[in-house]
S.K.: 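Okay, here's the structure, questions in a sec.
Since the model is a prediction, treat every value here as computed from it, not as a measurement. Just so you know, ligand 1 is whichever comes first in the structure, and atom 1 is the first atom listed for that ligand. Sequential numbering from 1 along the given sequence is applied to the chain's residues.
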Amino acid sequence: MLLPVEEALERILASITRLEPEQVALSEASGRVLARPITSQEDVPPFANSAMDGYALRSSDTQSATTQEPRRLRLVGIVQAGKVAERLLEDGEAMRILTGAPVPPGANAVIQQELTKNGEGWVEVEAPVAESNNIRHAGEDIRRGTLVLAEGAALGPSEIGVLASLGVTTVTVYRRPVVAILATGDELVEIDQPLLPGQIHNSNSYLVAAAVARAGGVPRPLGIARDQVEELRAKLQAAQQADLILTSGGVSVGDYDLVKDIMREQGTIDFWRVNLRPGKPLAFGKLGNTPLLGLPGNPVSAAVTFELFARPVLRKMQGFAQVLRPLVQARLLHDIQESSQRRHYVRALVELQQGAFVARTTGPQDSHILTSMLGANALLVIPENSPPIQAGETVQAMLHVEGLYEALGSR
Ligand code: AMP
Ligand code: MG
């Protein structure tokens, strides 16, 4: 039986729980998810202050002011940002004030300096100044006691900035998952080794490590395990310290029994044939208590199944509410001739044309053509048993938002 993609994902996610919270410095918190809500302990801004360079005054003093009969006020001092007024403002007085400086007690409005005339010891106003004019009141941004960010909020630059404005120095966030990455295969050698006949470089571990890091995880590459029981057993044993184990290779029919035996011995495992292309063979189980996803060996299949299954797992572990990539509608710029009984994920470049998404594929789509991933920022989702699709038709695209910026930026 071929398992539908959604069902495979659902089964995997059902057994994944968020990791425990940890405290991190605010400066380290970008990209993390809040595990505790943040309630403001103070007002932001903490005091009423001026939005302009100008003069603090009493609104009531200016009510009769006109161009013909300006109201002249006595200038009694200056208050700069970071300082406080030396005295109370009285009737008929004004104080020079700079942007961000506290409004002196007694004043209730600020007029910007461009709208005034001034001389030695005085300033003139030619129109009434409304109460609160150019005053940023205490708590106008954040009032003490309000919920600023809820549990589950994803922290980016805006959230970090708001928390810094509150003087928050550390936050409680969900821990980043440590991901053990193991390549399997007798044909593999590390990238710094010359290739002997029959050998290829282990590219999957590098691709997967980069994808793990981009998904917020901490990659722990464990090298290559030969297709031998002892070596696989030893390496998988070491992998159990991690929060997730990602293997590649050894899940297709030829290797099936080897991995299965070890998994049976040390945990539980299901081998699934998932109804997708590329990446049909997929293993999922637990080694001890550590979830394991066995990605296919073919590099493109490994990359696609990482996107579809491993990335959502890592997002869920980190507490993100949104674990899936956004799906958008894109208009195909050319035909997709080949049809497939299986769900087909096609590497593509999605761009904007006159404000609408368009998509073109990135060349040969066989699962060993890793360069078909280059220049792609989306996977087109071609439904099971779809007939060939004509240029101009609309398809769903799973968008790498990071890649979209790059595609748009290069225009
Ligand atoms: P397997 O799933 O082990 O049968 O591997 C399927 C295909 O992927 C074979 O052509 C392998 O040589 C290739 N392959 C497996 N693991 C890797 C890897 N780590 N890096 C690059 N290619 C791999
Ligand atoms: Mg293999």
Side-chain angles (χ1 to χ4, degrees), residues 2-3 5 8 12 179-215 217 219-236 238-239 242 244-264 269-285 287 292-311 342 344-345 347 363-374 376:
L2 283 176
L3 204 59
V5 172
I12 292 169
V179 183
I181 298 166
L182 183 63
T184 72
D186 286 339
E187 73 281 30
L188 303 177
V189 291
E190 283 306 349
I191 57 172
D192 57 355
Q193 298 300 307
L195 297 178
L196 298 176
Q199 295 184 330
I200 60 168
H201 286 130
N202 167 20
S203 57
N204 286 353
S205 292
Y206 292 85
L207 185 154
V208 169
V212 163
R214 189 177 256 192
R220 281 283 146 75
L222 297 180
I224 301 164
R226 310 279 132 218
D227 293 318
Q228 294 160 5
V229 178
E230 289 72 29
E231 194 166 338
L232 208 52
R233 183 186 285 131
K235 295 246 154 111
L236 285 176
L244 174 68
I245 304 168
L246 292 177
T247 63
S248 74
V251 292
S252 47
V253 181
D255 305 300
Y256 185 92
D257 287 331
L258 179 68
V259 181
K260 189 171 75 174
D261 288 348
I262 295 169
M263 296 302 300
R264 281 262 170 78
I269 191 95
D270 286 321
F271 277 81
W272 295 338
R273 292 167 66 237
V274 183
N275 194 10
L276 88 147
R277 241 182 93 195
K280 178 174 62 172
L282 186 76
F284 178 66
L287 203 60
L292 177 146
L293 254 177
L295 309 178
N298 270 311
V300 174
S301 309
V304 170
T305 49
F306 179 92
E307 271 298 312
L308 295 179
F309 304 111
R311 186 176 178 277
R342 284 185 268 149
H344 195 182
Y345 288 90
R347 279 83 75 199
Q365 296 285 318
D366 304 275
S367 58
H368 65 290
I369 308 285
L370 191 50
T371 51
S372 67
M373 302 290 292
L374 298 179

S.K.: Which ligand 1 atoms, with their elements, are less than 4.0 angstrom from a heavy-atom of H201?
M.R.: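 Counting from 1, the qualifying ligand atoms are 20 (N), 21 (C).
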S.K.: Could you tell me, atom by atom, which parts of ligand 1 come under 4.0 Å of a heavy atom of G249?
M.R.: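 So the answer, numbered in order with elements, is 1 (P), 2 (O), 3 (O).
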S.K.: Just wondering, do F306 and L293 contact through their side chains at under 4.5 Å, heavy atoms?
M.R.: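 Not touching, per the 4.5 Å side-chain cut-off.
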S.K.: Where on H368 is there a heavy atom closer than 4.0 Å to ligand 1, on the side chain, on the backbone, on both, or on neither?
M.R.: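 Neither part.
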S.K.: Could you tell me whether E187 and ligand 1 have an N or O pair separated by under 3.5 Å?
M.R.: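 The answer is yes, given that E187 and ligand 1 share an N or O pair closer than 3.5 Å.
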S.K.: Would you say the side-chain atoms of R233 pair up with the backbone N or O of Q228, donor to acceptor, closer than 3.5 Å?
M.R.: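 Absent.
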S.K.: Determine, considering heavy atoms only, which of N298, L207, T184 sits nearest to atom 7 (C) of ligand 1.
M.R.: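 Minimum heavy-atom distance to atom 7 (C) of ligand 1 goes to N298.
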S.K.: Quick one: does G250 get an N or O within less than 3.5 Å of an N or O on ligand 1?
M.R.: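 Min N/O separation from ligand 1 is below 3.5 Å for G250.
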S.K.: Judged by atom type as modelled, is there a donor-acceptor pair below 3.5 Å linking the side chain of H201 to the main-chain atoms of Q193?
M.R.: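 Confirmed, H201 side chain pairs with Q193 backbone.
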S.K.: When S248 is tested against each of N202, N204, T184, T305 for side chain to side chain donor-acceptor pair (under 3.5 Å), which residue passes?
M.R.: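 Testing S248 for a side chain to side chain donor-acceptor pair (under 3.5 Å) against N202, N204, T184, T305 leaves exactly one candidate, N204.
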S.K.: Give the contacting part of S203 toward ligand 1: side chain, backbone, both or neither, where contact means a heavy-atom distance below 4.0 Å.
M.R.: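 Near ligand 1, S203 shows its backbone as well as its side chain.
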S.K.: As an exercise, identify every atom of ligand 1 less than 4.0 angstrom from a heavy atom of S248.
M.R.: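 Counting from 1, the qualifying ligand atoms are 19 (N).
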S.K.: Counting each atom of ligand 1 from 1 as listed, which ones have a heavy atom of A183 under 4.0 Å away?
M.R.: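 Near A183, the atoms of ligand 1 are 19 (N).
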S.K.: Check whether any N or O atom of G297, backbone or side chain, sits under 3.5 Å from an N or O atom of ligand 1, and answer yes or no.
M.R.: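 By distance alone, the answer is yes.
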S.K.: Output every pair passing salt bridge (Lys or Arg N to Asp or Glu O under 4.0 Å) with a member in residues 298-311, not counting sequence neighbours, ordered by first then second residue.
M.R.: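 Non-adjacent pairs meeting salt bridge (Lys or Arg N to Asp or Glu O under 4.0 Å): E307-R325.
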S.K.: State, yes or no, whether a side-chain contact exists between P281 and P296 at a heavy-atom distance under 4.5 Å.
M.R.: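 Of all side-chain heavy-atom pairs linking P296 with P281, at least one is under 4.5 Å.
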S.K.: Using a 4.0 Å heavy-atom cut-off, say whether I224 meets ligand 1 through its side chain, its backbone, both or neither.
M.R.: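 No part of I224 comes within reach of ligand 1.
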S.K.: Show me the side-chain donor-acceptor pairs of residues 269-279 shorter than 3.5 Å, one per line, residues at least two apart or across chains.
M.R.:
from, atom 1, to, atom 2, distance (Å)
R277, NH2, E338, OE1, 3.1

S.K.: Backbone N or O of L196 within a donor-acceptor pair of the Q199 side chain at under 3.5 Å?
M.R.: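 Yes: the side chain of Q199 pairs with the backbone of L196.
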